[in-house]
Undergrad: 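To start, I am sharing the structure in question, which I have written as structure tokens.
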Amino acid sequence: MKTGNYIALTLVIIGALNWGLIGFFGFDLVTTIFGGSMFWLARVIFALVGLAGLWSLRLYSAVAQEREMIPTTHGQH
């Protein structure tokens, strides 16, 4: 896996965890950490998470290729 994929995966996980905290508890961890005078940094993180989500769309083709490589066992017991 490329370094970019690892970075994207990490950012997507951070974003997912942050959205989970917002959804379950109404708590935005990124804004809490980087709020106030450093809110610009929170916006940068949000933008990077968004870009990581777009980057991760590429992984659908990798998953599809992986599925094609798995041998099917239809009709075998």
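No experiment lies behind these values; they were computed from the predicted model shown.
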Undergrad: Could you list all the side chain to side chain donor-acceptor pair (under 3.5 Å) pairs where at least one residue sits in residues 48-57, not counting sequence neighbours?
TA: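 Residue pairs passing side chain to side chain donor-acceptor pair (under 3.5 Å), neighbours aside: N5-W55.
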
Undergrad: Starting from V44, can I reach L29 by hopping between I/L/V/M/F/W/Y residues whose side chains sit under 4.5 Å apart?
TA: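 Result: yes, single cluster for both.
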
Undergrad: Is there any side chain to side chain donor-acceptor pair (under 3.5 Å) pair reaching into residues 10-21, and which pairs are they, with sequence neighbours excluded?
TA: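 Matches after skipping sequence neighbours: N18-D28.
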
Undergrad: For atom CZ of R58, decide whether the heavy atoms of other residues, nucleotides or ligands shown that lie under 6.0 angstrom number more than 12.
TA: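 Yes - once you tally the heavy atoms of other residues, nucleotides and ligands closer than 6.0 Å, there are more than 12.
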
Undergrad: Any pair with a residue in residues 32-41 that passes side chain to side chain donor-acceptor pair (under 3.5 Å), sequence neighbours left out, goes on the list, sorted by first then second residue, please.
TA: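 Applying side chain to side chain donor-acceptor pair (under 3.5 Å) to every pair that reaches into residues 32-41, excluding sequence neighbours, yields nothing.
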
Undergrad: Test of understanding: clusters of I, L, V, M, F, W, Y form through side-chain heavy atoms closer than 4.5 Å, transitively. Do I33 and I45 belong to the same one?
TA: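 Yes; I45 is reachable from I33 via cluster members.
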
Undergrad: List for me each residue that meets side-chain contact (heavy atoms from CB on, under 4.5 Å) alongside A42, sequence neighbours excluded, and say none if there are none.
TA: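 For A42 the side-chain contact (heavy atoms from CB on, under 4.5 Å) partners, ignoring immediate neighbours, are V30, F34, F39, F46.
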
Undergrad: Would you say L59 and L54 are hydrophobically clustered, going by side-chain heavy atoms of ILVMFWY under 4.5 Å?
TA: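 Unlinked, L59 and L54 end up in two clusters.
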
Undergrad: Is L41 linked to L48 within one hydrophobic cluster, defined over Ile, Leu, Val, Met, Phe, Trp and Tyr using a side-chain heavy-atom separation of less than 4.5 Å?
TA: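 L41 clusters together with L48.
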
Undergrad: Going by the rule side-chain contact (heavy atoms from CB on, under 4.5 Å), which residues pair with F25 if we only count those two or more places apart in sequence or in a different chain?
TA: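 F25: side-chain contact (heavy atoms from CB on, under 4.5 Å) contacts with L21, F27.
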
